[in-house]
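Accompanying notes for the structure given below.
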Amino acid sequence: MSDSATTVSQADVARLAGVTRAAVSLWRKRHADFPMPVGGTGDQFLLGDAIGWLDRRAIPINHRDSDEAVDATYGGRARRHPPQIVERSDVHPFLGSLQSLGPEIGAHSSRSDYLYLMVCLAFLRSYDRDGWTRLIRNIPAHGDAAQARGLLRRVVTTVDESLGCPHLLSASDAPPARLRPRAFEPVRKVFELSAKLRPGDFERLRSAFLRQVRPSDAIHTPPSIAGAMAALLVSHSTQGEVTVYDPFVRFGELPAEFVLRYAHPAGVRVRIAHTNPVELRLAGMWLVAAGAPAELNVSSSSPSGRATFLLTNPPFGDRKESAWLRDCTASLTDDGRAAVLMPYSAGFAAGRRAYGIRQELVEQGAVLAVIALPAKMFPGSSIGVCVWLLRHPTGQPTPVRLVDARRLGKLSDDQALDVHVLDAADIERIVTTVAKTEHRDELGVLVTLDEIRAHGYSLHPPEFQDRASSRAPADKALAELDGLLAGPAVRQYTAGDDDGWPRRRLGDLCAISMGIPHRPLKELLSRTHTTDTPVPIVHPRHLRHGFIDADDAPETDAAIAPQWHRLAAGDVLLVRTGAMGQTALVRDHESGWLPHTNLLRLRILRPDELDPSYLLMYLSQTAVQARIRDRSVRSVTTSLSIATLGDFEIPLPPPDDQQRILVALQALDEETAQIERRLAATRAARTVLGRHLTDGTVVLARRETR
């Protein structure tokens, strides 16, 4: 087939053997004699070594092709493949022919409906030889359109029988039932071509289906997220039977990944549930292909008997995220563990229900860790997610490990996806950080119950990681400033105390309120003015360079403007949604104006303790803005709540020092402005000089020579 130096990937080995990549992963894990990767690590193997190992692997009877003998091996199958099998190709020639029949089978149906049918056929052909045989024996040589439609429904019924749930799912609601072939012959041709399908084709067709399904219709769990969640659980040791449960299984990625990574997969009992039978059926097929047949349930209720391990990616955005967390802990055995995927906001949402459930879980010792993953790990979405590591409530609170892994990973090599992915090293680093006993490291911090209580039971990792971060050493800070500010000869600063300035919560220093709610604001703008004293309404776009520039601001009537929302001199405004970052200080002549819905107003409670200009300066810093944005990311949009901002801590120097800080920074601002004016004048002179010199209006004076 090739020379001795040819290498193949794990995916290539799967193609050569006609099996799924999951099967090859199991082979690597279970068989110590599986070929070593080239160089000792990685995903490249010598082709000769791979074929030699496959020669020793007999093909089970239910996986043999019709032309393969009783003693057939995977190595023999690999040798019959043409050399181009090693090339990266998702579609074999016959598979392309099979897909091209889609329009004849369902001209007015979605392409995903036909792909679903092909996934079912590939599953039966590769993983249920008896079911496949029963199915094809009942195909007549000729028939009409009605018989063709009945045959398509029979495919789904056979799959359900294979999965052990013939009465649980409904073939009439499955996507193939929506196909409307107008003739029998195209359907007969589909079955004829499907006889050539192999396990690797099942995986390819499933991937094609997942690519075709819109994210708004169904979301599958990205592989690197599934890998991280499974890796967090597999090292936990338990007693007795091991049961894995996913109450919202989607397409089966999470339990399949767990079984692949678990040390003793043969002893694992898998239970899965989903309210959508279409996705549940796909999950069941995928788990059979992964070597982990599951018990299926069309429900999201807990199974009879509690689970040893629970992994799930429940639906977001229905305001029930926290309830999922509580239900998952209740579904565990006393020594069980759960990994649950949640949006960032589950860790800090301020609603009474979300707050109450977080408080309950923390006080009952059910939360072991929360890991913030990078944003944009789902195709077509910028959603940010955390993995919650949970156990059955013990009644005894425990410290919680909070891990900020948002900066791990990289963009996918597949530019069309535009998603963030984690590799094996990233996942290992996350698992190692969670297992540490030290108080803090680069990624994680162990937070005590008192700290969690003091911050409103917030469990958003970036917040605590930021609180635990240490300031730069004084000598390094001084050296950095000396290099930027012309050296120690002009130094007007010295090293501060080791602990720095005391830190205070904004909620203790300011009364924080939102702008006028959307509906009342819309009503105010629609009312006709009845007085000559209109009141401007300040929008986020009017916050510029620390001040309000509201020349184009809409206005409302002063007589109907609500008093509670009116601005006062010394208020600080902050954009709370979307592209945040703008801040502004309200001046005397802007007192009485109104803030837009998307603004937060900070009114200082004790001006003798906190200067408004100092607060504005601090909140305007780039690093501070980044920290605020970290606390603002929700499941779909970016939004900063009053509770979240109120829990934000700022350093608070004494009032005199606040003034000295402002004066020092203002001096640099003035120097910067002077430099910019000189730079602008020099650039203008260069332009004018160039024009006059080149057209001869002026000439350069020649120096006299002696």
Side-chain angles (χ1 to χ4, degrees), residues 18-20 22-23 26 59-66 68 98 113-139 149-177 179 187 190-210 244 246 249-253 255-256 259-260 265-266 268-274 276-299 303:
V19 299
T20 65
L26 277 177
I59 303 175
I61 185 171
N62 60 331
H63 286 185
R64 289 185 208 132
D65 291 337
S66 58
E68 289 179 326
L98 187 57
D113 292 345
Y114 182 63
L115 282 170
Y116 193 100
L117 170 67
M118 288 198 291
V119 171
C120 291
L121 288 169
F123 170 77
L124 292 172
R125 178 69 182 86
S126 297
Y127 298 105
D128 185 1
R129 188 58 59 87
D130 291 341
W132 170 260
T133 301
R134 291 196 308 272
L135 184 64
I136 60 174
R137 281 177 178 171
N138 293 322
I139 301 176
R149 291 193 290 270
L151 191 56
L152 297 182
R153 288 193 294 273
R154 181 59 187 162
V155 171
V156 180
T157 301
T158 305
V159 169
D160 293 348
E161 292 170 352
S162 177
L163 297 177
C165 51
H167 307 296
L168 184 63
L169 307 176
S170 173
S172 61
D173 295 331
L179 300 172
V187 174
V190 165
F191 280 87
E192 179 183 320
L193 289 172
S194 296
K196 301 178 182 179
L197 291 169
R198 290 179 175 171
D201 298 318
F202 169 73
E203 183 176 356
R204 278 187 285 275
L205 288 168
R206 176 184 180 273
S207 297
F209 175 82
L210 295 182
V244 176
D246 187 339
V249 73
R250 297 194 184 269
F251 296 106
E253 300 87 359
V259 172
L260 284 174
V268 175
R269 180 184 183 187
V270 181
R271 292 173 168 174
I272 60 175
H274 202 310
N276 184 338
V278 172
E279 294 183 33
L280 182 62
R281 183 183 292 109
L282 282 171
M285 289 189 284
W286 182 241
L287 284 163
V288 169
E295 301 172 24
L296 279 60
N297 184 23
V298 186
S299 168

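Every value quoted in this text rests on a predicted model; they were computed, and no experiment measured them. Here, residue 1 is the first one in the sequence, and each next residue gets the next number.
- The two residues Leu135 and Ile139 come nearest to each other via the heavy atoms O-CG1, 3.6 Å.
- A pairwise comparison of heavy atoms in Arg153 and Ala177 identifies CG-CB, 4.3 Å as the closest pair.
- Taking CG of Asp113 as the reference point, atom CG of Leu152 lies at 11.0 Å (rounded to 0.5 Å).
- Atom CG in Asn297 sits 8.0 Å away from atom CG in Leu280 (nearest 0.5 Å).
- Within the model, atoms CG of Leu282 and CZ of Arg250 stand 13.5 Å from one another, a figure rounded to the nearest 0.5 Å.
- Here the closest non-hydrogen pair linking Ala292 and Val270 is CB-CG2, 4.1 Å.
- Considering every non-hydrogen atom in both Tyr116 and Pro277, the closest pair reads OH-O, 4.5 Å.
- Remark: Ser162 engages Asp128 in a side-chain hydrogen bond (donor to acceptor under 3.5 Å, both in side chains) (not counting sequence neighbours).
- Here Arg204 pairs with Asp201 in a salt bridge; the nearest charged N to carboxylate O distance falls below 4.0 Å.
- With rounding to the nearest 0.5 angstrom, the CG atom of Asn138 is 11.0 Å from the OG1 atom of Thr133.
- Leu179 is not listed as a side-chain neighbour of Val187, based on a closest heavy-atom distance of 4.5 Å or more.
- With contacts defined as side-chain heavy-atom distances shorter than 4.5 Å, the pair Trp286/Ile272 does not qualify.
- For the atom pair CZ of Phe123 and CG of Leu205, the computed distance is 14.0 Å after rounding to the nearest 0.5 Å.
- Looking at residues two or more places apart in sequence or on another chain, you find a side-chain contact (heavy atoms from CB on, under 4.5 Å) between Ala23 and Val19, Thr20.
- A pairwise comparison of heavy atoms in Leu287 and Ala256 identifies CD2-N, 3.4 Å as the closest pair.
- Val244 and Pro255 make their closest contact through CG1-CB, 4.3 Å (heavy atoms, listed as atom of the first residue, atom of the second, distance).
- Interatomic distance, Leu115 CG to Cys120 SG, rounded to the nearest 0.5 Å: 11.0 Å.
- Residues satisfying the salt bridge (charged side-chain N to carboxylate O under 4.0 Å, His left out) test with Asp160, not counting sequence neighbours, are Arg281.
- Across Tyr127, Phe251, Phe202, a single residue satisfies side-chain contact (heavy atoms from CB on, under 4.5 Å) together with Met285, and that is Phe202.
- Counting heavy atoms from C-beta outward, Trp132 and Thr158 have side chains that stay 4.5 Å or more apart.
- Within the 4.5 Å cutoff, no side-chain heavy atoms of Glu279 are placed close to those of Val249.
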